[in-house]
Participant: 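So that we are looking at the same thing, I have put the structure below in C-alpha cells.
Just so it is clear: chains get the letters A, B, ... in the order the sequence lines come, proteins before strands, and each one is counted from 1.
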There are 2 protein chains.
Amino acid sequence: MADRTPLYKRVKHEIVEALRAGRWKHGQAIPGESTLATAFGASIGTLRKAVDELVAENILVRQHGRGTFVASHTRDYMLNVFFAIAPRKGPKTFPETELVGFKRGRADVSTAKRLQIPTGAPVLAIRTLLRLAGQRVIVDDIRLPAGLFPDLTEHAFLDRDTTVYGLYQMRYGITVVRTVEEIGAALADARTRALLALEPPAPVLRIERTAYTYRDQPVDTRVRYVRTSQHRYVSVLGKR
Amino acid sequence: MADRTPLYKRVKHEIVEALRAGRWKHGQAIPGESTLATAFGASIGTLRKAVDELVAENILVRQHGRGTFVASHTRDYMLNVFFAIAPRKGPKTFPETELVGFKRGRADVSTAKRLQIPTGAPVLAIRTLLRLAGQRVIVDDIRLPAGLFPDLTEHAFLDRDTTVYGLYQMRYGITVVRTVEEIGAALADARTRALLALEPPAPVLRIERTAYTYRDQPVDTRVRYVRTSQHRYVSVLGKR
DNA sequence: AAGTGGTCTAGACCACCAT
DNA sequence: TGGTGGTCTAGACCACTTA
C-alpha cells in the first residue's frame, strides 16, 4: 500500500490481510492493542482508529475487559448483520432451513457475472426452503463457485449445525463480510408457489443477493423469493 | 445527560440539541474544532470523536480546509442517503415529481401509530407520482402531521425547487435524519396501475416508509408503490 | 499567510473481566 | 491483581482552502 496513505489505513489493510490469510481465525482474540500498536509501529490511538473501522464493518468485535475478537458467523451475528426479514409483528426469529435441491452444474451468463467467474465454470446449485416460526417464507436458489468449495457435498451441507455462511467459514475459512441485495417484485412461478404454499396470483419479493468476502471477492449468489403476507424486509437509511 | 456518560457522548448530544433548536442552520459551517472544544470544555480529540459520529450519521459534513457544515437536504444528499431505487442498468438518477393529490384529513389508526400522534389528529394527505428518466416508477401516498407543517398549501408544495425533505428543512426547519422502510410485495390496485401504466396482474413493491428528525421524532410517513420492471431497490448489508 | 480539518503521538486514568 | 478495551488529554505536524 502506497506510502502516502494514512498509517491507520495501512494498519487496517494489514489486519484484513492477516484475516484473509487465516493468520487469526474467527472467534479467536487478536493480540492486545498495545502489542499490535508496537508490531505495526503505530501509536495506540492510531491502532484504535484502524480497529474502530473494522468494528464498524462487523469484521472485528470488541469486548471490554476481554479482548478484540474476529467476528464469527454465529446465528446471532447472521440475524443481526445479514438478515433483514422480520415478521410484521414481533421480533426477528431465526430461519429453519430445509434442503430442496443440490446439484452440480455450470455457470450461466448471469451467474458468472455475479460470481466473477467464466461462463460455464463449475458451480453448485442449491435450493433451500426457509421457515420462520414454522411458516414457509423464503425460497433460496443458491449458486456457489465450485472452485471455492471443494468437496462440498449434500451431506456436508446438511450436516452443519450453523448457518450457511457459518459453514463457509468453518469448513473453508471463507468469511462473508458484506452482501448486496437488489430487490424487485414478481409473481411466483408454480414451483415457488408450491414451496411457499401460495395460490396464484402470488406477488413475492424477488431478491438477487451476492455475498462477498474480504477484498470484494464474491462467494455466493442467490435468487431469493420472499412471501410477505406476514413478513417485511426492513431497511434503515441514514445510519445511526 | 447523566454525569457518567462519556464526555464525547454529551458533546454529541449538545451539538444535536443546538441543531434541533435551530442554533446552526443547514448548509452553514459550525464553529471550528478548537473553538468548539473550548466551548464544551473538551479536548480536540474528544470533540472530534463526537463530530465523527455525527458525520457517520450524515448529520454533519466535513470539508477539509473549509470547515464542518450542517448537512443540507440537497438533491445529491437525498439521492445518496435516502434513495435506494436504481435502474437495473446504469447509474441512479434523480426522480421528477408530479403532484396527483393534496388534501387535508384525519389520521387513521395506522397513520397515527406511525406518526406517533392521536388517532383523528389532522394530517395532510399528499399523493405524488415519481418518474425516473421519464418512466413512471413510483407512487407515493404521503401523510404529514398538520401540526408540524402549518400553512403548507398545495401551492407551497408545488412551488419548491428542492426535494420534499428539502422543503421541510427550508420552510419549517425540520431536518430528516433517518428513515425506516418496511418492504413487501403486492398487486397494484386499479388507481396505482393507472398511474404507473401497468396492466394486471401488476406485482409491485409496497414500501411503508417513516421519516424521523432528531430525537426519533416522526415527521412523514408514506406508502410507496414501486414498479420494478426496469428498476431495483438496492440494499447493502454489513456496512463499509 | 491564516484558518480549517486530517493524522499521529505518548502518555494518563478508568471500567471491566478473568484468575 | 494483571490484562484488556474505553475515555480523555495536550499537544505536533500535515494537507487543503481561501484570501
Participant: So, B:R178 and B:D216, do they make that salt bridge, N to O below 4.0 Å?
Facilitator: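 B:D216 and B:R178: salt-bridged.
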Participant: Can you tell me the distance, in whole Å, between the CG atom of A:L60 and the C1' atom of D:dT4?
Facilitator: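 Interatomic distance, CG of A:L60 to C1' of D:dT4: 15 Å.
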Participant: What's the NZ-C1' distance between A:K12 and C:dC8, to the nearest Å?
Facilitator: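 Nearest whole value for this atom pair: 18 Å.
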Participant: Could you work out which one of C:dT7, D:dT7, C:dG6 sits closest to the side chain of B:P6?
Facilitator: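 Shortest atom-to-atom distance from the side chain points to D:dT7.
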Participant: Just how far, in rounded Å, is P of D:dT9 from CG of B:L47?
Facilitator: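 The distance from CG of B:L47 to P of D:dT9 comes to 10 Å, rounded to the nearest Å.
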Participant: Choose from D:dC8, C:dG5, D:dG6 the nucleotide whose nearest atom is closest to any side-chain atom of A:R62.
Facilitator: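 That would be D:dG6.
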Participant: With a cut-off of less than 4.0 Å, is there a side-chain N or O of B:R66 near OP1 or OP2 of C:dG3?
Facilitator: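 B:R66 to C:dG3 OP1/OP2: no side-chain N or O under 4.0 Å.
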Participant: Would you indicate which nucleotide in D:dG6, D:dC8, C:dT7 comes nearest to any side-chain atom of B:R48?
Facilitator: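 In terms of side-chain proximity for B:R48, the closest of D:dG6, D:dC8, C:dT7 is C:dT7.
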Participant: Name the residue closer to the 5' end of DNA chain C, choosing between A:I44 and B:G67 according to the nucleotide with the nearest heavy atom.
Facilitator: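 In this pair, the answer is B:G67.
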Participant: So, for B:H73 and B:F82, is the gap between ring centers shorter than 6.0 Å?
Facilitator: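 That pair passes the under 6.0 Å test.
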Participant: Just the rounded figure in Å: distance from P of D:dC8 to CZ of B:F40.
Facilitator: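 After rounding, the gap between these two atoms is 14 Å.
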Participant: Within the structure shown, what part of the strands sits under 4.0 Å from B:T68 by heavy-atom distance: base, sugar-phosphate, or nothing?
Facilitator: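 It contacts sugar-phosphate atoms only.
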Participant: Using a strict 4.0 Å threshold on nitrogen-to-oxygen distance, state whether A:E53 and A:K9 make a salt bridge.
Facilitator: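 Salt bridge between A:E53 and A:K9, a charged N being under 4.0 Å from a carboxylate O: yes.
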Participant: By the 4.0 Å heavy-atom rule, please label B:A42 as base, sugar-phosphate, or nothing.
Facilitator: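 It contacts sugar-phosphate atoms only.
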Participant: Could B:R20 and B:Y214 be counted as a cation-pi pair, given that NZ or CZ must be under 6.0 Å from the ring centre and within 45° of the axis?
Facilitator: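 No cation-pi geometry.
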Participant: Let me know the distance between CZ of B:R4 and P of C:dA15, rounded to the nearest Å.
Facilitator: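 Atom-to-atom, B:R4 to C:dA15, this comes out as 8 Å.
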Participant: Just to confirm, is there a sub-4.0 Å distance from OP1 or OP2 of C:dT9 to any side-chain nitrogen or oxygen of A:T46?
Facilitator: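 For C:dT9, OP1 or OP2 has a side-chain N or O of A:T46 closer than 4.0 Å.
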Participant: How long is the line joining CG of B:L7 and P of D:dG6, in whole Å?
Facilitator: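 Atom-to-atom, B:L7 to D:dG6, this comes out as 17 Å.
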Participant: Please figure out whether A:Y8 or B:G32 has its closest DNA chain C nucleotide nearer the 5' end.
Facilitator: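 Nearer the 5' end of the strand: B:G32.
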Participant: Please confirm whether the shortest side-chain N or O distance from B:K49 to OP1 or OP2 of D:dC8 is below 4.0 Å.
Facilitator: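 B:K49 to D:dC8 OP1/OP2: no side-chain N or O under 4.0 Å.
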Participant: Tell me whether B:H64 is stacked on the nucleobase of D:dA15, counting only the six-membered base ring and applying the 5.5 Å and 30° thresholds.
Facilitator: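 Yes; centroid distance and tilt both under limits.
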Participant: Does C:dC8 have OP1 or OP2 sitting under 4.0 Å from an N or O in the side chain of A:S43?
Facilitator: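 Looking at the OP1 and OP2 atoms of C:dC8, neither is under 4.0 Å from any side-chain N or O of A:S43.
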Participant: Would you kindly give the CD1-to-P distance between B:I30 and C:dG5, to the nearest whole Å?
Facilitator: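 So the CD1-P distance, B:I30 to C:dG5, works out to 7 Å.
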Participant: Rounded to the nearest Å, what distance is computed from the CD atom of residue B:E33 to the C1' atom of nucleotide C:dG3?
Facilitator: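 Nearest whole value for this atom pair: 12 Å.
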Participant: Does a side-chain heavy-atom distance below 4.5 Å link A:E96 with A:L130?
Facilitator: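 Result no, sub-4.5 Å side-chain heavy-atom pair not found.
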